[in-house]
Protein chains: 2
Amino acid sequence: MPRAGLDPAAVVAAAAGLADEVGLANVTMGLLAERLGVRAPSLYKHVSSQADLNRRIAVLALTELGDVLRDALQGRSGRDALAAAARTMRAYVVEHPGRYAATIRLNADSPDDPVVAAGARVLDSLSAVLAGYKLDPADTVHALRLLRSLFHGFAVLEAAGGFEMDTDVDESFEWLIGFVDRGLTS
Amino acid sequence: MPRAGLDPAAVVAAAAGLADEVGLANVTMGLLAERLGVRAPSLYKHVSSQADLNRRIAVLALTELGDVLRDALQGRSGRDALAAAARTMRAYVVEHPGRYAATIRLNADSPDDPVVAAGARVLDSLSAVLAGYKLDPADTVHALRLLRSLFHGFAVLEAAGGFEMDTDVDESFEWLIGFVDRGLTS
DNA sequence: GGGTATGGCTAATGCTGTTAGCTTTTAGCT
DNA sequence: AGCTAAAAGCTAACAGCATTAGCCATACCC
């Protein structure tokens, strides 16, 4: 009986991939174990519970998202940066719906939870976008919340198939970027 | 052994109340049955499955939301209507987080699903808000998606405790209403 | 009052997540 | 090289969940 050579990172990576394929809700310990060529109880040597697994998937997703955002924003500012951030976030959620879903139901109980740090990096990128606009400093937090709410809401609705009408969703998204840019500029 | 006198509406109403109290994910058939003074299998005389129960809760929530929106928009237009709709939706989600959560994970398989009709009534109210602005008809669908995404995203993030910074969330929300109003006016 | 649909029940099944305890491998130390 | 001990896998078992099957009592209708 050879050993599988797993570690927490490998388990989380497999779980994230599985979540993207079959949906986060269908990522069962048994299915994940099968995917890894292992029995379900063995997973508990690497991950302490399913809730822990979900939290780790969320950290992975936020870290990846922070990375691609940072890359996408390199050398851009103003409307270019806004559009790049928006398209990057949308693309990430479309490509990795399972991972992203893990970031929604979070209860960051402890303040030094890695999920907080990973989320902060995403927020930093959004702040960088806003830095390209001349905003009253008192409004920056409001604008940040606007971006988060809007991108998050759009992503969730699109992922849930919530846009029934046959008008092109891409077109709506680009229109939305223009709307926000104009609002932040004036 | 006297009879409990249940019907589907009573079961759904109890489930919705329970969801608001303990969270939708914790609404188990056993807990719901206990709340109703009945054993779990008896619920299947009124509801065909837990998925069916969730769908019915969603219909209830969307219907209620459509009603309060209609009331709130009576006699208002322009920025007044926008602000009323926004505050009403936010208040509903804060008061009924469990019900609202049921509206998120929906797969409206059949086109005559009651959930579609209930959702359409909410959309109608949002359309009525937009009617108060002079928009290019081609942009109306985009603006509708903007409102949905923004309100939904804000509600989800607030319900999840996602706004960590200590700036007042109410203030951000009002700022956001002003932002959208300005953008739709120009 | 008698017949029937209905709403409740108990018992049982299958699928979860999770724990306990055992065994083998692997890595580290001398 | 060989010994030791931690780590990583396993089987067996349990508890909680949704759900089904089948039974019995109740309430309505004529």
Whole angstrom value for the distance that separates [atom2] of [N] from [atom1] of [X]:
{"X": "Leu32(A)", "N": "dG17(C)", "atom1": "CG", "atom2": "C1'", "value": "13 Å"}
{"X": "Asp7(A)", "N": "dA27(C)", "atom1": "CG", "atom2": "P", "value": "13 Å"}
{"X": "Arg39(A)", "N": "dT24(C)", "atom1": "CZ", "atom2": "C1'", "value": "16 Å"}
{"X": "Tyr44(B)", "N": "dC23(D)", "atom1": "OH", "atom2": "C1'", "value": "19 Å"}
{"X": "Leu53(A)", "N": "dG17(C)", "atom1": "CG", "atom2": "C1'", "value": "12 Å"}

Between [options], which nucleotide gets closest to the side-chain atoms of [X]?
{"X": "Pro41(B)", "options": "dA11(C), dG17(C), dC10(D)", "answer": "dA11(C)"}
{"X": "Met29(A)", "options": "dG17(C), dC9(C), dC10(D)", "answer": "dG17(C)"}
{"X": "Leu6(B)", "options": "dC9(C), dG17(C), dG8(C)", "answer": "dG8(C)"}

TODO: Identify the two heavy atoms, one from Ala14(B) and one from Leu36(B), that lie closest to each other, and give their separation to 0.1 Å.
DONE: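 That would be CB-CD2, 3.6 Å.
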Task: Below 4.0 Å: OP1/OP2 of dC10(D) and any side-chain N or O of Ser42(A) - done: yes
Task: Below 4.0 Å: OP1/OP2 of dG8(C) and any side-chain N or O of His46(B) - done: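 For dG8(C), OP1 or OP2 has a side-chain N or O of His46(B) closer than 4.0 Å.
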Open item on the list: Does Phe154(B) form a ring-ring contact (aromatic ring centres under 6.0 Å, His included) with Phe173(B)? I'd like the steps, not just the answer.
Closed with: CA-CA 8 Å; Phe154(B) 194 94; Phe173(B) 192 72; 4.9 Å; yes
Open item on the list: Before we go on, tell me: are the rings of Tyr92(B) and His96(B) under 6.0 Å apart, centre to centre?
Closed with: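 Yes; His96(B) has its ring centre under 6.0 Å from that of Tyr92(B).
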Task: Salt-bridge criterion met for Arg90(A) and Asp170(A) (N-O under 4.0 Å) - done: yes
Task: Donor/acceptor link under 3.5 angstrom from Arg3(A) side chain onto base of dT24(C) - done: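 When only heavy-atom distances are counted, Arg3(A) does reach the base of dT24(C) through a donor-acceptor pair under 3.5 Å.
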- [ ] Take Gln50(B) and Lys45(B), find for each the nucleotide of DNA chain D with the closest heavy atom, and name the residue whose nucleotide sits nearer the 5' end.
- [x] Gln50(B)
- [ ] Have a look at Thr28(A) and say if it touches a base, only the backbone sugar-phosphate, or nothing, with a 4.0 Å heavy-atom cut-off.
- [x]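 Counting heavy atoms under 4.0 Å across all strands, the contact made by Thr28(A) is with sugar-phosphate only.
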